[in-house]
Amino acid sequence: MINKLYLLVLLLCLATGVFAQEKGVYPTHWWVGMKSPKLQLMIHEPGAGNFTYSIAYPGVRLEKTHKVENPNYAFLDLNIQPAARPGKLTIKMTGGSGNRSLSYELKAKPAGNGTTWAKGVTQADMVYLLMPDRFANGDPSNDIVAGMRDGAANRNNPFDRHGGDLQGVINNLDYLKGLGVTALWMTPVVENDMARTDEGGASRSTYHGYAFTNHYQVDRRFGGNEKYKELGRELKRRGMKLVQDAVYNHVGRDHFFILDMPSKDWVNQWPKYQNTSFKEQPLIDPYRSAADSAISVSGWFTPFMADLNQNNPLVANFLVQHAIWSTQEFELDGWRVDTYFYSDPKFLNRVNTELLREFPKLTVFGETWVQTVASSAYFTQNTMSLPFKHNVQGITDFPLYFAMLDGLNQPFGWAEGVNRVYGTLVQDIMYKDPTRNSIHLDNHDLDRFYSVVGEDFDKYKMGINWLLTLRGIPQLYYGTEILMKNFKNPSDAEVRRGFPGGWAGDKENKFEQGGRNSQEQAAYEFVSRLANFRKASPAVTRGKLMQFVPEDGLYTYFRYSPEQTVMVISHTGKEDKTVAMNRFAERTNGFTKMRDVQSGEVRPLADFVLKPKESFVMELLK
């Protein structure tokens with residue numbers, strides 16, 4: 001945070017011998033045949049900067065060695081030519097504390113990029129978001145790992161780790177597939193070897209995963225790198241995809257390169273601690289002040305998560321290469337980027353460009369927790385004339401999230417209630433491709449959807465209908481399908497409770513029908529029927545959207561393609577409403593019947609009465 005703190009940590013590390021414990025070469029390995037020949041190695045060990053380096057390996061050239069303030073680091077610029085073959089090269093180190101060498105492996109690049117993996121995620125998918133620590137515990141032996149800073153695992157404490165892991169996810173992949181899930185996004189799995197933090201007077205673990213301490217190690221309490229690869233293989237075997245959660249903005253304070261910083265400008269420095277304002281407006285505002293903009297981007301997210309300085313080219317290279325390495329190593333299909341607008345915009349464009357150069361079908365969407373469509377569109381590919389243009393494909397569509405909740409909970413009005421949904425979608429003109437946005441009703445940072453709609457099952461069904469048929473990539477938060485509920489009061493932990501049945505000894509197992517009550521089973525079946533319908537629906541997965549101006553609380557829109565037309569009709573008003581089908585003639589002409597996707601009932605395409613809070617997804621038939 002400040003230079004004095006940097007020096008204090010430096011002295012502490014020297015006194016405790018941290019340098020000898022935390023040493024390595026990063027990235028841990030690389031591949032031949034990558035589209036970019038450039039690779040920058042970070043070497044971290046005592047006195048690394050005091051050596052002279054050389055490499056003698058066919059097709060590999062050491063172009064430059066960078067020395068930094070901290071002598072425990074050296075950065076090597078390599079050029080890997082197309083002629084280079086897989087193998088182990090030797091990095092010779094001379095001078096310093098004596099001559100020695102390091103072995104570094106170049107692997108063969110696996111086939112399948114864009115065919116069996118790195119295929120991208122589109123609106124043809126339904127993404128399921130879960131927190132590994134809170135979903136299922138498949139291997140209790142890794143609940144506590146000796147030598148890690150946080151040795152607690154206690155399900156009775158909402159702030160402790162609960163023991164969920166990647167084996168628990170693997171064990172329940174068939175449940176997800178049956179539900180209609182096609183892609184899995186988990187909160188970060190990267191190592192969080194953090195000491196406990198004090199937040200609001202409570203001692204907390206970083207079970208959420210957003211405080212990285214070693215980018216190249218999947219947390220061993222989740223099962224480690226090999227278990228993560230196994231999860232990827234099991235997903236592919238079921239025709240499912242894997243999305244990883246990226247965190248470029250910050251790392252945990254116990255990250256090895258924070259405890260032993262290469263240079264003072266590795267993080268964003270302030271005269272005294274400066275938190276971000278959490279406001280995106282100063283980045284967009286044509287009348288902004290430079291001071292406000294700096295606080296938004298360079299202020300720290302929390303005191304225990306160090307804010308990385310992406311204007312430092314060595315920091316930027318490290319983050320870009322980690323994204324490429326992870327995509328290749330774990331055969332990812334997409335990325336969700338946490339705290340997107342808090343990162344340096346030029347860096348963000350660079351990492352997206354370099355990822356797509358290596359993996360052209362990859363999907364990247366940024367988390368932009370903002371209120372307005374203009375703000376959302378600013379941070380993605382858009383149609384606006386702006387001095388700076390972001391290049392990420394899509395964002396987490398918070399304006400539509402807020403609009404859907406208002407549409408379900410607010411009384412109908414000129415601009416209120418379901419008109420909020422209609423009016424928000426009207427503003428899609430600002431997005432280059434709004435179908436690349438990720439849409440949601442809740443997530444790990446929000447009140448649970450079923451609670452927000454007052455545990456009203458009719459509103460729940462209407463919201464699910466919108467989530468799974470509107471434009472964009474739908475994201476379902478774990479447990480929403482079985483009516484898990486709660487508000488973020490007194491903390492986020494209340495909306496991050498364990499999935500019932502994920503732990504041995506749970507009284508109820510809601511992964512199985514026998515463990516659900518009648519309402520939970522009805523919810524599961526409602527989501528599953530619609531999710532599985534949409535997988536085979538050309539209208540929903542690749543068709544266009546046409547919406548009609550809401551009237552008296554009635555909101556109707558169509559998803560349509562040359563092969564299929566789907567009508568979604570919802571009544572948010574307080575009185576019965578007769579639906580006059582001739583109003584929708586431009587989309588219904590040529591059809592004579594409609595089939596209820598949930599019940600399978602086929603009825604004539606004719607006027608009918610909708611009761612308050614009724615909502616239907618209908619496939620139109622000739």
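Taking all atoms of both residues into account, the shortest heavy-atom contact from L179 to M126 is O-CE, 4.3 Å. Shown here for G366 and V392, the closest heavy-atom pair between the two residues is N-CG2, 4.2 Å.
A salt bridge does not link R534 with D125: none of the charged nitrogens is closer than 4.0 Å to a carboxylate oxygen. The residues R595 and E619 are annotated as salt-bridged, a charged nitrogen and a carboxylate oxygen being separated by less than 4.0 angstrom. The pair R420-D406 meets the salt-bridge criterion, since a charged nitrogen lies less than 4.0 angstrom from a carboxylate oxygen. A salt bridge links R471 and D397; the closest N-O separation between the charged side-chain nitrogens and carboxylate oxygens is under 4.0 Å. Salt-bridge check for D445 with K488: failed, with every basic side-chain N at 4.0 Å or more from each acidic carboxylate O. Salt bridge status for E234 with K177: absent, with no side-chain N to carboxylate O gap under 4.0 Å.
Looking at E508 and E520, their side chains never come closer than 4.5 Å, going by heavy atoms from C-beta outward. Considering only heavy atoms from C-beta on, L621 stays 4.5 Å or farther from L605 through its side chain. In this structure, E551 and R583 have side chains that are in contact, with non-hydrogen atoms separated by less than 4.5 Å. Counting only heavy atoms from C-beta outward, the side chains of L184 and L231 approach each other to under 4.5 Å. Counting heavy atoms from C-beta on, the side chains of T435 and T122 never come closer than 4.5 Å. The shortest side-chain heavy-atom distance between E494 and F487 does not fall under the 4.5 Å cut-off. Between E358 and Q328 the shortest side-chain heavy-atom distance does not fall below 4.5 Å. The side-chain heavy atoms of L355 and I324, taken from C-beta on, include a pair separated by under 4.5 Å.
With hydrogens and angles left out, the side-chain atoms of N391 and T353 include a donor and acceptor closer than 3.5 Å. The closest side-chain donor-acceptor pair between W466 and S615, if any, does not fall under 3.5 angstrom. With no hydrogens or angles considered, no side-chain donor-acceptor pair links T368 and Y378 at under 3.5 Å. If you check the side chains of D442 and Y450, you find no donor sitting under 3.5 Å from an acceptor. K346 and N349 share no donor-acceptor pair across their side chains, judged by distance under 3.5 Å alone.
Interatomic distance, L530 CG to K461 NZ, rounded to the nearest 0.5 Å: 12.0 Å. One distance of note links CG of L129 with CZ of R336; it measures 8.0 Å at 0.5 Å rounding. Between the CZ atom in F412 and the CG atom in D552 there is a gap of 6.5 Å [rounded to 0.5 Å]. In this structure, the separation between CG on L470 and CD on Q547 is 8.5 Å, given to the nearest 0.5 Å. A distance of 5.0 Å separates CZ in R516 from CD in Q521, rounded to the nearest 0.5 Å. To the nearest 0.5 angstrom, H440 atom NE2 is 12.0 Å from Y477 atom OH.
The cationic atom of R603 (NZ for Lys, CZ for Arg) does not lie both less than 6.0 Å from the six-membered ring centre of F591 and within 45° of the ring axis.
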Inset, instruction - Could you walk me through whether S528 and N532 pass the side chain to side chain donor-acceptor pair (under 3.5 Å) test, one step at a time? - result: CA-CA 6 Å; S528 179; N532 281 291; 3.2 Å; yes
Inset, instruction - Check step by step if side chain to side chain donor-acceptor pair (under 3.5 Å) holds for Y228 and Q244. - result: CA-CA 11 Å; Y228 192 39; Q244 184 159 314; 2.7 Å; yes
Legend entry - Criterion side chain to side chain contact (heavy atoms under 4.5 Å, CB included) on H250 and D338, from CA distance to verdict: CA-CA 10 Å; H250 51 262; D338 180 65; 3.8 Å; yes
Inset, instruction - Please assess D292 against Q281 for the test side chain to side chain contact (heavy atoms under 4.5 Å, CB included), listing each intermediate value before the final yes or no. - result: CA-CA 9 Å; D292 285 344; Q281 291 93 334; over 6 Å; no
Inset, instruction - For W185 and D245, run side chain to side chain donor-acceptor pair (under 3.5 Å): C-alpha distance rounded to whole Å, both residues' side-chain angles, the deciding distance at 0.1 Å, then the answer. - result: CA-CA 7 Å; W185 158 33; D245 206 324; 3.1 Å; yes
Legend entry - Candidate pair F449 and L408, rule side chain to side chain contact (heavy atoms under 4.5 Å, CB included), full reasoning: CA-CA 11 Å; F449 171 59; L408 293 167; 3.6 Å; yes
Inset, instruction - Could you please spell out the steps behind the side chain to side chain donor-acceptor pair (under 3.5 Å) verdict for E481 and Y128? - result: CA-CA 10 Å; E481 73 279 11; Y128 192 86; 2.8 Å; yes
Inset, instruction - For the pair T480 and L441, evaluate side chain to side chain contact (heavy atoms under 4.5 Å, CB included) and give the outcome as yes or no after the intermediate values. - result: CA-CA 9 Å; T480 296; L441 295 169; 5.7 Å; no
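Side-chain atoms of Q123 never come within 3.5 Å of backbone atoms of P434 as a donor-acceptor pair (strictly under, hydrogens ignored). Side chain of D576 to main chain of V609: no donor-acceptor pair is present (N/O by atom type, distance under 3.5 Å, no hydrogens or angles). Listed for the E455 side chain is no donor-acceptor partner under 3.5 Å among the backbone atoms of L483. A donor-acceptor contact shorter than 3.5 Å links the side chain of N382 to the backbone of A377.
With ring centers used as reference points, F379 lies 6.0 Å or more from Y340. Checked against the 6.0 Å centroid criterion, the rings of W117 and F359 qualify as a close aromatic pair.
Screening Y431, F365, F398 against N437 for a side-chain contact (heavy atoms from CB on, under 4.5 Å) leaves a single residue, Y431.
Pairs passing the ring-ring contact (aromatic ring centres under 6.0 Å, His included) check and including a residue from residues 510-539, sequence neighbours excluded, read F135-F511, Y175-F511, Y175-Y524, F499-F511.
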